[in-house]
Amino acid sequence: NAGVTQTPKFQVLKTGQSMTLQCAQDMNHNSMYWYRQDPGMGLRLIYYSASEGTTDKGEVPNGYNVSRLNKREFSLRLESAAPSQTSVYFCASRAQISGNTIYFGEGSWLTVV
Amino acid sequence: KQEVTQIPAALSVPEGENLVLNCSFTDSAIYNLQWFRQDPGKGLTSLLLIQSSQREQTSGRLNASLDKSSGRSTLYIAASQPGDSATYLCAVSPNTGGFKTIFGAGTRLFVKA
C-alpha cells in the first residue's frame with residue numbers, strides 16, 4: 001500500500017529558483033493538504049483542497065501556489081524560493097470532511113540557500 | 001483563532017513508567033481530535049482519533065481522553081518502552097468547514113532502557 005507519496009525527498013534550491021513538490025494518494029480520498037513543519041512550531045497548513053477542482057488558502061499561503069491536478073494528485077509550487085521557505089513539507093489526505101483520519105506522506109526536506 | 005498547545009515540549013522517562021502527555025486547545029467547537037506519532041525523519045502516523053461526542057479512545061497501551069468543555073486532551077501511555085521514543089502531536093479539526101486541522105508543536109518523548 002503506497003498511501004501518500006511525495007517527491008522529491010530532498011531538494012536544495014538557490015534563492016529565486018522555482019520548483020514543484022509532487023504529491024499523490026492512492027486511497028481515493030477527497031481532501032488533500034500541504035503543511036510545512038518548522039522546529040518548535042508544529043505543522044502549519046499552507047493550502048488545502050477539499051475536493052477535486054477546489055483549492056483554498058490555509059494559514060501560511062504566501063509564496064506558494066497549488067494545483068489539484070485530479071483526485072489523486074495535489075502539487076505545491078514555489079515560484080521564487082526564499083530562505084524563509086526552508087522547511088520540511090508534508091502532503092496529507094483524508095477521505096471526508098474532518099471525520100476521518102489524516103494520512104501523511106514521508107515529507108520533503110527543502111533547503112533554500 | 002484556534003490554538004493548540006502541548007506541554008511538556010520534551011520528556012524523558014525510564015522504561016516501564018506510565019506517562020501522560022497533555023494537549024490543550026482554545027476553541028471547544030471541534031469536530032474531532034487526533035493524536036499522532038512522528039519518528040525522526042518520517043511523516044506522521046495516526047494513533048487515535050476521538051470524535052467530539054466521545055470521551056476517550058483506547059488502542060493497546062495507549063488511551064486518549066477528551067474534555068471538550070475545558071479544552072483538554074491527554075494521551076496516556078502505559079508501561080513505556082524504548083520503542084515509544086518519538087514526537088507525539090495532537091491536532092484538532094473544527095466543526096465549521098472542517099478542513100483546517102490545527103496541530104500542536106508536539107512533545108518529544110525519550111524512554112530510557
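From a predicted model like this one, the values you see are computed outputs, not experimental measurements. Within every chain, numbering begins at 1; the chains are lettered A, B, ... in the order of the sequence lines, protein sequences first and strands thereafter. Every heavy atom of this structure was used, including side-chain atoms; hydrogens, water molecules and symmetry mates were not.
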Between Gly58(A), Gly107(A), Gly42(A), Cys91(A), the one whose heavy-atom pairs under 4.5 Å with chain B are most numerous: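 Of the candidates given, the most pairs with chain B belong to Gly42(A).
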With only heavy atoms counted, which part of Leu89(B) is less than 4.5 Å from chain A, the side chain, the backbone, both or neither?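 The answer is the side chain of Leu89(B).
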Is it the side chain or the backbone of Gln6(B) that comes within 4.5 Å of chain A heavy atoms, both, or neither?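 No part of Gln6(B) comes within 4.5 Å of chain A.
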Take a 6.0 Å sphere around CZ of Arg44(A) and say whether it holds more than 12 heavy atoms from other residues, nucleotides or ligands.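 Yes, enclosed.
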Could you list the donor-acceptor pairs under 3.5 angstrom formed by side chains in residues 13-21 of chain B, with sequence neighbours left out?
from: Asn18(B); atom 1: OD1; to: Ala79(B); atom 2: N; distance (Å): 2.7
from: Asn18(B); atom 1: ND2; to: Tyr76(B); atom 2: OH; distance (Å): 3.4

Would you check if the side chain of Gln57(B) reaches a backbone N or O of Ala64(B) as a donor-acceptor pair within less than 3.5 Å?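 Looks like no, no N/O pair under 3.5 Å.
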Looking only at side chains, do Ser69(B) and Asp67(B) share a donor and an acceptor under 3.5 Å apart?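 There is such a pair between these side chains.
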Let me know if Gln6(A) has heavy atoms under 4.5 Å from chain B in its side chain, its backbone, both or neither.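 No part of it gets close to chain B.
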